[in-house]
Amino acid sequence: MIILKTKEEMLKMRKAGAILSACHKEIAKMIRPGITTLAINDFAEKFITDHGAEQVTKGFKGYPFATCASVNDVIAHGFPNTEPLQEGDIVKMDIVCRYDGWCADTCQTYAVGNLSPQAARLVQVARECLELAIPQAVVGNRIGDVVHVIQQHAERAGYSIVRDLVAHGIGRSMHEEPSFPHAGKPGRGFRLQEGMVFTIEPMVNAGKLEMFIDFDGWTARTVDGSLSAQFEHTIAVTKDGPWVLTE
């Protein structure tokens, strides 16, 4: 069942989103060769708690960290670790928090030092996929209208869109209905209603769309070892258009 949110509830989610946005701004200052994703994770967890919120992912179905840190060919759900980041890496930091009972979820892809032209282009296209999709999240559109622009933009650039990991509704819980992949046809799927709040989080692979899960049961990697980039925001559908709660 899709749980529609009131304007007041969206405002509460916006407070959680503002904390995440501020956290990402600080992480952007930290990213450099030599830093570890575990250090970033520990900073993010403290930042969230220091701002009166709670992290959500640690302990979720046994996941052991407050963030997901996914480097290079890791698509999502990577474990933060003590391996120093290297010049030219890309790292996806995906963070969820709950403030006053309401959740927000966002991910940014960071460049570690100078990227190769190929990596820089992938990151740029992934960012554009999200930017192009958000304006489609309006009352009366169908979810196919939102995700089709993502798929079209990525594939025109020669990339692929992951289907096995999906976007999701969000509210008091991190994961609510609806859930949907970031590929589809215009005019298909559920119709967007005022009060819906969900993530848009395209995962764009430089190579094949297929993935596999590592031995840890969480880390999702590209099957061909190609790079993957992701950007994510929590979006509210309002009568005045899409509202980015994590910007």
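Residues take their numbers from the sequence shown, with the count starting at 1.
- Between Tyr63 and Phe65, the angle of the ring planes goes over 60°, which puts this pair in the perpendicular group of the 30/60° scheme.
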side-chain contact (heavy atoms from CB on, under 4.5 Å) between Ile40 and Ile31, intermediate numbers included = CA-CA 8 Å; Ile40 299 169; Ile31 298 290; 3.5 Å; yes
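- A side-chain contact (heavy atoms from CB on, under 4.5 Å) with Thr222 holds for exactly one of Val74, Val162, Asp73, Leu209; it is Asp73.
- Listed for the Arg14 side chain is a donor-acceptor partner under 3.5 Å among the backbone atoms of Leu245.
- Rounded to the nearest 0.5 angstrom, Ser173 OG and Ile3 CD1 are separated by 7.0 Å.
- For Ile95 against Ala66, the heavy-atom pair with the smallest separation is CG2-O, 4.4 Å.
- The pair Glu9-Lys12 fails the salt-bridge criterion, with no side-chain N (NZ, NE, NH1 or NH2) lying under 4.0 Å from an Asp/Glu carboxylate O.
- Inspection of the Gln124 and Arg127 side chains reveals an N or O donor paired with an N or O acceptor under 3.5 Å.
- Residues Leu192 and Asp145 have side chains not in contact (no heavy-atom distance under 4.5 Å, counting atoms from C-beta outward).
- Looking only at side-chain heavy atoms (C-beta outward), His168 and Asp105 come within less than 4.5 Å of each other.
- Contact record, Met93 with His24: O-CE1, 3.1 Å, taken as the closest heavy-atom pair.
- With no hydrogens or angles considered, no side-chain donor-acceptor pair links His153 and Tyr159 at under 3.5 Å.
- Counting only distance, with no hydrogens or angles, the side chain of Gln55 and the backbone of Thr57 share a donor-acceptor pair below 3.5 Å.
- A continuous path of ILVMFWY side-chain contacts below 4.5 Å connects Val139 to Val244, so both sit in one hydrophobic cluster.
- One N or O on the side chain of Arg191 and one on the backbone of Gly140 form a donor-acceptor pair closer than 3.5 Å.
- Both Met30 and Val91 are members of a single hydrophobic cluster when ILVMFWY side chains are connected at heavy-atom separations under 4.5 Å.
- Residues Thr37 and Phe79 have side chains not in contact (no heavy-atom distance under 4.5 Å, counting atoms from C-beta outward).
- Put simply, Tyr99 and Trp102 are part of two different groups of oily side chains (I, L, V, M, F, W, Y) that touch within less than 4.5 Å, one to the next.
- In terms of heavy atoms, Ile90 sits closest to Ala229 at CD1-CB, 4.4 Å.
- For the atom pair CD1 (Ile213) and OG1 (Thr219), the distance works out to 8.0 Å, reported to the nearest 0.5 Å.
- Residues Ile2 and Met196 come closest through the heavy atom pair CD1-CE, 3.8 Å.
- Side chain of Asn141 to main chain of Val138: no donor-acceptor pair is present (N/O by atom type, distance under 3.5 Å, no hydrogens or angles).
- A donor-acceptor contact under 3.5 angstrom links the side chains of Thr67 and Asn41, judged on distance only.
- Using a 4.5 Å cut-off on side-chain heavy atoms (C-beta onward), Phe190 and Arg142 make no contact.
- Glu232 has its side chain out of reach of Leu130: every pair of non-hydrogen atoms, C-beta onward, lies at least 4.5 Å apart.
- For the atom pair CD1 of Ile134 and CD1 of Ile235, the computed distance is 4.0 Å after rounding to the nearest 0.5 Å.
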Would Val112 and Val71 satisfy side-chain contact (heavy atoms from CB on, under 4.5 Å), going step by step from the backbone distance to the final call?
-> CA-CA 10 Å; Val112 182; Val71 181; over 6 Å; no
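- Note: Met203 CE to Ser228 OG = 8.0 Å, rounded to the nearest 0.5 Å.
- Here the straight-line distance linking atom OG1 of Thr234 with atom CE of Met174 works out to 11.5 Å at 0.5 Å rounding.
- In this structure, NE2 on His148 lies 11.5 Å from CG on Leu132, to the nearest 0.5 angstrom.
- The shortest distance between side-chain heavy atoms of Phe198 and Val237 falls below 4.5 Å.
- Lys7 places a side-chain heavy atom less than 4.5 Å from the side chain of Trp243.
- Gln151 places no side-chain N or O within 3.5 Å of a backbone atom of His182 that could act as its donor or acceptor partner.
- With 3.5 Å as the limit, one finds no donor-acceptor pair spanning the side chains of Asp240 and Thr238.
- Using cut-offs of 30° and 60° on the angle between ring planes, the pair Phe60 and Trp218 is tilted.
- Hydrophobic clustering (side-chain heavy atoms under 4.5 Å, transitive across Ile, Leu, Val, Met, Phe, Trp, Tyr) groups Phe43 together with Leu20.
- Put simply, Ile200 and Val125 are part of the same group of oily side chains (I, L, V, M, F, W, Y) that touch within less than 4.5 Å, one to the next.
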Which is it for Glu176 and Ile170 under the side-chain contact (heavy atoms from CB on, under 4.5 Å) test, yes or no, and what are the steps along the way?
-> CA-CA 5 Å; Glu176 295 182 355; Ile170 185 170; 5.7 Å; no
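- Contact record, Ala119 with Leu227: CB-CD1, 3.7 Å, taken as the closest heavy-atom pair.
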Using the side-chain contact (heavy atoms from CB on, under 4.5 Å) rule, take Ile19 and Phe47 through it: C-alpha gap first, then chi angles, then the decisive distance, then the call.
-> CA-CA 8 Å; Ile19 292 170; Phe47 186 97; 4.3 Å; yes
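- Across every non-hydrogen atom of Lys92 and Ile75, the tightest pair is CE-O, 4.0 Å.
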